[in-house]
Asks: 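Below you'll find the structure I mean.
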Amino acid sequence: MIAKKKLSDQIFIGFVYVILSLLSICTLLPFLQVVTLSMSPIEVVNSYGFHFFPTSFDFAGYKQVFHNELIWISYKNTIVRTVLAIILTVTLTFLGAYPLSKKTLPHRTFWTGFIVLTMFFSGGMIPLYMLVKGLGLMNSIWSLLLPGAVSTFLLLIVRNFVHEIPEALEESAKMDGANDIYILRKIILPLSMPVLATVALYTGVYHWNAWFDSMLYIQSEHKQVLQLILRKIVLDGDVSAAGTETGIANVNTQSMKLATLVVSILPILCVYPFLQKYFVKGTLIGSIKG
Amino acid sequence: MNNMATELIKTQGVSSTLKRRNTAQRYLDHKYFFIMLSPVLLYYIIFHYAPIYGVIIAFKDYKIMKGISGSPWVGLDNFKELFTGLYFIPVLKNTLIVNFYKLLFGFPAPIILALMINEVRKPLFKKTVQTITYLPYFLSWIVLSGIITEFLSPSRGPVNIILTMLEFKPIFFMASVDWFRTILVSTEIWKTVGFSAIIYLAAIAGINPEMYDAADVDGISRLKKIWYITLPSITPVIVILLILTSGQIINDDFDQIYNMLNAKVMSVGDVIGTYTYTEGIQKMNYSYAAAVGLFKNVIALIVVLTANFIAKRFSDETIF
């Protein structure tokens, strides 16, 4: 009887391993295909067959990318945008979360509700577009930073996290003669670092990948973000729009597309192990305390 | 009688001024907190509440030169156009169909993945699976669409190579009316399943191990342990996430669909988000597009509230 049960368990666990392996392979293959093709000669790119591992090398696509000024400008724009957004969002989120975590704050429920309400109702794409236009933010980096500067969801996570810091800690500091600002700087802020790192990560990934606001609000090509240039090259196949100033004869659109894809993924892949670890931690902070 | 009334009014007046002074005092005591809070409140007023005011252009014939307040009211004309027009109903239908399938297949997928990962006892294998399945979550839909298009390409893509090996005709997936929705749903799962599983894994990690020990004594199979211990234990998390996701039934994933949409699949792939963008921003039909957006937001709100209400009736798990 026991042996039989063990057999059924073994079949089950074998099934789990097979499914998970297949899932992992299916997730990876599209990436392998693109990476391999991006560094293959054009005959291989256009040939029929599986290209999961490179057989011969040709970096013509990458050469085109490296000569493309617009890609580097937009790369810089994305980096600037992401860094500024992280600073802005983390600061604002903490500024909002700390007072709201205080039980003694007058009308605390009202002020929290004032913020939470916006999770359930919003103006939508058109009124926001008109607002940004009306505020004169068009074609400026502020149009990318301000409209999403605080995420209500993250604000609530930080608020709950700060709320969990024992009050006794503050009280004893006060007895030792510390003032509010000192307590904030030396006790609350250091203890909140893990949750603020989570906010920074979420914000960073969001802004690195964002493109729609740039398409809406930014007109001049030299202020656009990487994802949008990528969209032009990869999805619209618009290599000329990407301003290849060298005017390479027979521009190989395909190789360039693939190389651009890889170049844009690379930074994420480099920080990915770090990202993943902290993201998991951060999500857990949010899920357990939220 | 009269005297008593005035007396009453007087005392009430006194207590309310007292209260007022008290409130003012409390605010004064917390002035630094409110100074801290003010940029955030300002942000919410400008970027969340002001656009809600902008919604009124859905009831107006908005003229750029006249501004929001100067444009003439047209009542429900924009909404009449919405429901009688040729384009909106198919767009609404597309949105609901795609999201229904995303909910039907996309919602259970991370739960199943989390349950499977939880069964794995080899740490290295577990870590590898997790690392790989999280990856697509960190990339934009622009990158992923590029990769997917390449992978499904009719002339070079591995999927079609397998199809031809199996003697099927190659399919141009990205431009196929029959396949487009399947592609949307499956690539969405491909992108998010690993990451969404984290929250369930966390919930599973919180289950009291004694329950499994007791089950071991009874010699219960692994599958039954999942069914009778793990699943019921994580039901609260499942219910909350289901409520939160339910509002998505009408909130299409603009990022994904806009980047995959092409002229050939417009009839099955044009959804409210993409439609609002073309009508509003590209054709500058601000009022009409705002009406579309308002309709969408109201429906989303109703769905979430209803889901929350139902959850309250049948279990203790709600989000408010």
Asks: For Ser122(A), does its backbone N or O pair with a side-chain atom of Asn297(B) as donor and acceptor, under 3.5 Å?
Replies: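 Yes; judged by distance alone, with no hydrogens or angles, the pair exists.
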Asks: Taking the six-membered ring for Trp, are Tyr44(B) and Trp111(A) ring centroids under 6.0 Å apart?
Replies: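 Ring centroids of Tyr44(B) and Trp111(A) are no less than 6.0 Å from each other.
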Asks: Heavy-atom distance under 4.5 Å to chain A: side chain of Ile226(B), backbone, both or neither?
Replies: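 The side chain, not the backbone.
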Asks: Which of the residues Ala290(B), Gly280(B), Gly293(B) is involved in the greatest number of heavy-atom pairs with chain A at under 4.5 angstrom?
Replies: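 Looking at each of Ala290(B), Gly280(B), Gly293(B) in turn, Ala290(B) comes out on top.
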Asks: Scan Phe34(B), Phe33(B), Tyr32(B) and name whichever one has a ring-ring contact (aromatic ring centres under 6.0 Å, His included) with Tyr98(A).
Replies: Phe33(B)
Asks: So what's closer than 4.5 Å to chain A heavy atoms on Asn262(B): side chain, backbone, both or neither?
Replies: neither
Asks: Which atom names give the shortest non-hydrogen contact between Pro158(B) and Gln33(A), and what distance separates them?
Replies: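 Heavy atoms only, the tightest pair is CG-OE1, 3.4 Å.
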Asks: Please report the closest heavy-atom contact between Leu37(B) and Gly96(A), naming both atoms and the distance.
Replies: CD1-O, 3.5 Å
Asks: So for Thr276(B), is it side chain, backbone, both, or neither that comes closer than 4.5 Å to the heavy atoms of chain A?
Replies: both
Asks: Can we call the ring centroids of Phe47(B) and Trp142(A) under 6.0 Å apart?
Replies: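 Ring centroids of Phe47(B) and Trp142(A) are no less than 6.0 Å from each other.
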Asks: Of all heavy-atom pairs between Ile46(B) and Leu131(A), which one has the smallest distance, and what is that distance?
Replies: O-CD2, 3.2 Å
Asks: Below 4.5 Å from any heavy atom of chain A, which atoms of Asp29(B) appear? Answer side chain, backbone, both or neither.
Replies: neither
Asks: Side chain, backbone, both or neither: which part of Ala50(B) has a heavy atom under 4.5 Å from chain A?
Replies: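 Only the side chain of Ala50(B) comes within 4.5 Å of chain A.
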Asks: What option among Gly148(A), Ala97(A), Pro273(A) has the most heavy-atom pairs under 4.5 Å with chain B?
Replies: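 Going by pairs under 4.5 Å, I would pick Gly148(A).
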Asks: Within this structure, what is the CD-CZ distance for the pair Glu150(B) and Phe31(A), rounded to the nearest 0.5 Å?
Replies: 13.5 Å
Asks: For the candidates Thr260(A), Leu269(A), Ile25(A), Thr118(A), which exhibits the highest count of non-hydrogen atom pairs separated by less than 4.5 Å from chain B?
Replies: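 With the most close heavy-atom pairs to chain B, the winner is Thr118(A).
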Asks: Is there side-chain contact between Phe121(A) and Leu294(B), with at least one heavy-atom pair below 4.5 Å?
Replies: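 In short, these two side chains touch, coming nearer than 4.5 Å.
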Asks: Using heavy-atom distances under 4.5 Å, tell me whether Ile126(A) contacts chain B through its side chain, its backbone, both, or neither.
Replies: side chain
Asks: For this output row, return yes or no: ring centroids of Phe212(A) and Tyr277(B) closer than 6.0 angstrom.
Replies: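 Yes - the distance between ring centres of Phe212(A) and Tyr277(B) falls below the 6.0 Å cut-off.
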Asks: Top residue by heavy-atom pair count (under 4.5 Å) with chain B, among Leu228(A), Val150(A), Val34(A)?
Replies: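 The option with the most such pairs is Val150(A).
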Asks: Quick one: of Leu301(B), Val129(B), Ile117(B), Leu139(B), who has the most non-hydrogen atom pairs under 4.5 Å with chain A?
Replies: Leu139(B)
Asks: Checking heavy atoms, do the side chain of Leu105(A), its backbone, both or neither come under 4.5 Å from chain B?
Replies: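 Backbone plus side chain of Leu105(A), per the 4.5 Å heavy-atom cut-off to chain B.
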Asks: What residue, out of Gly134(A), Ser264(A), Ala149(A), has the most heavy-atom pairs lying under 4.5 Å from chain B?
Replies: Ala149(A)
Asks: Testing the basics here: between Ile142(B) and Gln227(A), what is the closest heavy-atom pair and its distance to 0.1 Å?
Replies: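 Taking every non-hydrogen atom into account, CD1-O, 3.3 Å.
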Asks: Please classify the contact of Lys277(A) with chain B as side chain, backbone, both or neither, using a heavy-atom distance under 4.5 Å.
Replies: neither
Asks: Let me confirm one number: the CZ-CD1 distance from Phe138(B) to Ile265(A), rounded to the nearest 0.5 Å.
Replies: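 Going from CZ on Phe138(B) over to CD1 on Ile265(A), the span is 14.0 Å.
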Asks: With rounding to the nearest 0.5 Å, note down the distance linking CG in Asp9(A) to CZ in Arg222(B).
Replies: 6.0 Å
Asks: Quick test of your reading: applying ring pair (Phe, Tyr, Trp, His ring centres under 6.0 Å), list the pairs with at least one residue in residues 11-30 of chain A, sequence neighbours left out, ordered by first then second residue.
Replies: Tyr17(A)-Phe125(B)
Asks: Heavy atoms only, distances under 4.5 angstrom: which of Leu230(A), Ile13(A), Leu128(A) has the most pairs with chain B? Name it, please.
Replies: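 Ranked by heavy-atom pairs under 4.5 Å with chain B, first place is Ile13(A).
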Asks: Show every side-chain hydrogen bond (donor to acceptor under 3.5 Å, both in side chains) that has at least one partner inside residues 18-28 of chain A, sequence neighbours left out.
Replies: none
Asks: Walk me through whether Tyr43(B) and Leu146(A) qualify under side-chain contact (heavy atoms from CB on, under 4.5 Å).
Replies: CA-CA 8 Å; Tyr43(B) 161 78; Leu146(A) 289 179; 5.9 Å; no
Asks: Please state whether the rings of Tyr202(A) and Phe195(B) are parallel, tilted or perpendicular, taking 30° and 60° as the class boundaries.
Replies: perpendicular
Asks: For the candidates Val55(B), Ile64(B), Ile147(B), which exhibits the highest count of non-hydrogen atom pairs separated by less than 4.5 Å from chain A?
Replies: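 Most pairs with chain A among the choices: Ile147(B).
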Asks: Between Val280(A) and chain B, with a heavy-atom cut-off of 4.5 Å, which part of the residue counts as in contact: side chain, backbone, both or neither?
Replies: both
Asks: Of the listed residues (His107(A), Lys133(A), His51(A)), which shares the most heavy-atom pairs with chain B below a 4.5 Å separation?
Replies: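 Highest number of pairs under 4.5 Å: His107(A).
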Asks: Let me see the working for Asp255(B) and Trp211(A) under side-chain contact (heavy atoms from CB on, under 4.5 Å), right down to the final yes or no.
Replies: CA-CA 9 Å; Asp255(B) 257 31; Trp211(A) 56 277; 3.4 Å; yes
Asks: Under a 4.5 Å heavy-atom cutoff, which of Thr164(B), Thr133(B), Ile162(B), Thr131(B) has the most pairs with chain A?
Replies: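 Ranked by heavy-atom pairs under 4.5 Å with chain A, first place is Thr131(B).
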Asks: Write down the atom of Leu20(A), the atom of Val120(B), and the distance for their closest heavy-atom approach.
Replies: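 Minimum heavy-atom contact is CD1-CG2, 3.5 Å.
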Asks: When heavy-atom pairs shorter than 4.5 Å are enumerated against chain A, which of Glu279(B), Gln130(B), Lys191(B), Lys122(B) gives the highest number?
Replies: Lys122(B)
Asks: Which bit of Ile161(B) is near chain A, if near means a heavy-atom gap under 4.5 Å: side chain, backbone, both or neither?
Replies: both
Asks: What's the spacing between Ser153(B) OG and Leu37(A) CG if we round to 0.5 Å?
Replies: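 CG of Leu37(A) is found 9.5 Å from OG of Ser153(B).
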Asks: Tell me whether the rings of Tyr129(A) and Tyr286(B) are parallel (<30°), tilted (30 to 60°) or perpendicular (>60°).
Replies: tilted
Asks: Heavy-atom pairs under 4.5 Å with chain A are the metric here; pick the option from Lys296(B), Met260(B), Glu119(B), Arg156(B) that has the most.
Replies: Arg156(B)
Asks: Can any side-chain N or O of Tyr272(A) pair as donor or acceptor with the backbone N or O of Leu135(B) at less than 3.5 Å?
Replies: yes
Asks: How close do Pro127(A) and Pro51(B) get, heavy atom to heavy atom, and via which atoms?
Replies: CB-O, 3.3 Å
